[in-house]
Every structure is written in structure tokens, then in C-alpha cells.
Amino acid sequence: MPSSETAGALLSVDLAALAANYVHLGQELGGVPCAAVVKADGYGLGTAPVAEALAEAGCTSFFVAHQAEGEALRQCLPEAEILVLHGPMPGMEAAFVEARLVPVLNTVAQLEGWRAAAKAAPSALHLDSGLNRLGLGAAELQACDPGQLNLALVMSHLASAEEPQNPMNERQRQRFLDLKAGLPAARASLANSSGIFLGPDFHFDLARGGVALYGVNPTPGRPNPMRDVVHLQGKILALRQIDRGEGVGYGSTYRAAERRLIATVPVGYADGYFRALGNRAFAAIDGRRVPVVGRVSMDLITLDVSDVPGGVREGTLVDLIGGGVPLAELAQAAGTIEYELLTALGPRYHRRYHRGGKAVR
Ligand SMILES: *Cc1c(COP(=O)(O)O)cnc(C)c1O
């Protein structure tokens, strides 16, 4: 990782806020345990620091997507229950058992492979309640015999949990109940972050909290109950006065209507600052919004800082995410969702983990 001196931007992750968000989900669940979803490098924030902070906050079950993510997580958390959403690729069952990874079995082939190779070891069964992506439906359940498995969990996944009025939620809940009725008793899990806020009927025995832990609002359209975890600050590398009529950046897609002061910051689309944000997003300096002008290039963005009271200097830090720049607004400007911005955060930032400002790790 680049040092704080050499990096073009500093990514701060507030582990105290992360832990507080975990506790908050637990309160919403009223005693039902909450697993943490830490796939994709802990939603881009770093698996090890994130998982260790969550374990310290009381989390004992973790979900990742890939076997390799599970094996890496096992190195940091020797005791935790680690579930692997994608299940084993053919022939990988022994490696799962070796690392004490609990596979989520998503297909008849995965179920039969597991039964043949490792049936006594715990597994989870994914039931398809309507997402039509992974999991067994009624026909597949007929075609195999899950009764012989050591089932640690049956689970399904909601398609539209962030829309509480969407009738799909209740349809999927009913479908889940119907599908699991024919199976041996096991813990059941349906809710992701937003699903937790659909109420106790959706809580079952284990929730799977993901994006809300990292500060994203699980109740869009209502106030965000979660605390901000991520703060990305870029450094001004260069300042340049331009005259009326001059263009900025590739294609000169921005032209100054009057004399302007342009700050260049060494963060670009290769760092996960989406190219779609050119001429659309804003950064912030001391709470004052400064627009991104011109195209986002691979390694640089350009900001109009003419109106910052007190002025700016080369080296001044600019909020790119968090601080004065809500992640939700940035995602909207990029035409995407917060999940995609977080998981795109690049490797060229200096990453700093802290608890309420005090550095840790
Ligand atoms: C990613 C994922 C989650 C977590 O979803 P969030 O919306 O981030 O809370 C839960 N369950 C499954 C199956 C997932 O793939």
C-alpha cells in the first residue's frame, strides 16, 4: 500500500462506526443474530480489518462469495463460522472441509457433490424463492435428497428488500416457508441489510447484513440509520488559472465562461472514481461543494475551486467520498448504486483504519 506521503488520496475507514452499525442492526433484529457479509474484500474496505472489528463487536458468522475469500478470512478468524455463498467448484469439497468453510449449496450438482465427498460436514442450502439466480426450487428439491445432509442453515435471498411496499417481499417469504417446510429443521435466513428493516417476519434465525454495515442507507427514501464509515480525501496536485473560453481535460468537454481556478487531483477512473462522474459530480473543501469539471481521466480529475472562501493551495485535501460528499449522491451522479462505488475503491489509496479518529492497526 502507498504511504500517506506518496499516495494521491487517503481512504479512512472508521471501525468504530462499523461496529456501531453492527450493534444497530442487532437492535433492529431484537435478539436474532446477525451475520456479516464481507465478500469482495469487505465491500472494498479490506476484509481483515473489517472482519476483525466485526468479530470484536460480537459477530460470529461471516459470509463471503468465493472459496479463496473464505480461506483468507479463516486466517484472520480461526473460530468464526464462515459461509461461502458460491459453494464449492467441482472437486473442491475437501478444501472446504480442511478450512472449515461451510458451503452454500446452490445447485443439485453441488448438493450431490457435497453429499458424496463431505456429507457429515455442515453445509447450508440455498432455496430459490424468486430471484432465479442461485438455489434450489421445488422441482430440484424433489430431484434430490437434502435429508442426508448436516444442514447448518437454509437460506434464500430477496430481490427487492429496499422497497418495503413491493409485494415481491411477501411472495418470497411465503415461497421460502413453503420450500423449507419439507426439509429437516435447520436455522433459516432470508434478510439482507434492507430485509432486516422489513420487520420480524423477515428475521428468521439469522440475518445477513452487508452494505448497511459500511454506512449505506438500507431504507432508501427514509433517514439513514447507519453511521458513515468511509472517507476518501484527494490531495490537490496542481492549481491552474484559466481564462474565459479555455477548455479542461480530454475533449475539452468543459469550457470556462469566465476566469476560473482549476485544481487537479490525482484520482481517476483507475482508482474507482467513475468516468461517468465527469461534469456531473462534486467534491468538497471545508463543506463547500466544488464541481468536477471536464472528463475524469485514468489518473486525474479536475475541480473548479474558484469559489472556495479563503482559497486553496497545492496539497490541500479535498473530500471525494464522505465528509461533504454523501456516497448516495455520488452513486446517483454516476448512474449506479453505492455498492458499486465501494467495491471499486482502488489499490492506489493510502488506507487508514481508525476508531473515532484514533488510528488502529
Ligand atoms: C451480498 C449478499 C448479502 C448482503 O446484502 P446487502 O444488501 O449488502 O446487505 C446477503 N445475502 C446474499 C445472498 C448476498 O449475496
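For ligands, and for the atoms within them, numbers begin at 1 and follow the listed sequence.
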(request) Tell me whether the centres of the aromatic rings in Phe202 and Phe197 are closer together than 6.0 Å. (result) no
(message) Show me which atoms of ligand 1 lie under 4.0 Å from any heavy atom of Tyr43.
(response) 1 (C), 4 (C), 5 (O), 6 (P), 8 (O)
(request) Please write down residue, atom name and distance for the protein heavy atom closest to atom 11 (N) of ligand 1. (result) Arg208 NE, 2.9 Å
(message) Suppose I only count heavy atoms of Met155 and a 4.0 Å limit; which atoms of ligand 1 are within that range?
(response) 13 (C)
(request) Decide yes or no on side chain to side chain contact (heavy atoms under 4.5 Å, CB included) for Leu303 and Val293, but give the supporting numbers first. (result) CA-CA 5 Å; Leu303 308 169; Val293 294; 5.9 Å; no
(message) Can you confirm whether Tyr349 sits close enough to Pro2 that some side-chain heavy atom of one is under 4.5 Å from a side-chain heavy atom of the other?
(response) no
(message) I'd like to know whether CE of Met298 has more than 12 heavy-atom contacts from other residues, nucleotides or ligands below 6.0 angstrom.
(response) no
(request) Give yes or no for whether the N/O distance cutoff of 3.5 Å, strictly under, is met between Gly210 and ligand 1. (result) yes
(message) Judged on heavy-atom distance to atom 15 (O) of ligand 1, which of Arg133, His157, Lys39 sits nearest?
(response) Lys39
(message) If you count every heavy atom of other residues, nucleotides or ligands that lies below 6.0 Å from Gln332 atom CD, does the total exceed 12?
(response) no
(message) We want to know whether Gln67 and Glu71 form a side-chain donor-acceptor pair, criterion being a heavy-atom distance below 3.5 angstrom.
(response) yes
(request) Without swapping roles, check the side chain of Arg352 against the backbone of Leu11 for a donor-acceptor pair under 3.5 Å. (result) no
(message) For the 3.5 Å polar cut-off, considering only N or O atoms, please tell me whether Leu85 and ligand 1 meet it.
(response) no
(request) Write out the residue and atom name of the closest protein heavy atom to atom 7 (O) of ligand 1, then the distance separating them to 0.1 Å. (result) Tyr339 OH, 2.6 Å
(message) Using the rule side-chain contact (heavy atoms from CB on, under 4.5 Å), only one of Leu190, Val154, Leu151 pairs with Lys180; which is it?
(response) Val154
(message) Please determine whether any non-hydrogen atom of Glu162 lies less than 4.0 Å from an atom of ligand 1.
(response) no
(request) Number the atoms of ligand 1 from 1 as they appear, then name those within less than 4.0 Å of a heavy atom of Val211, with their elements. (result) 6 (P), 8 (O), 9 (O)
(request) Determine whether the side chain, the backbone, both or neither of Val37 has a heavy atom under 4.0 Å from any heavy atom of ligand 1. (result) side chain
(request) For atom 9 (O) of ligand 1, find the nearest protein heavy atom and state the residue, atom name and distance (0.1 Å precision). (result) Ser193 OG, 2.5 Å
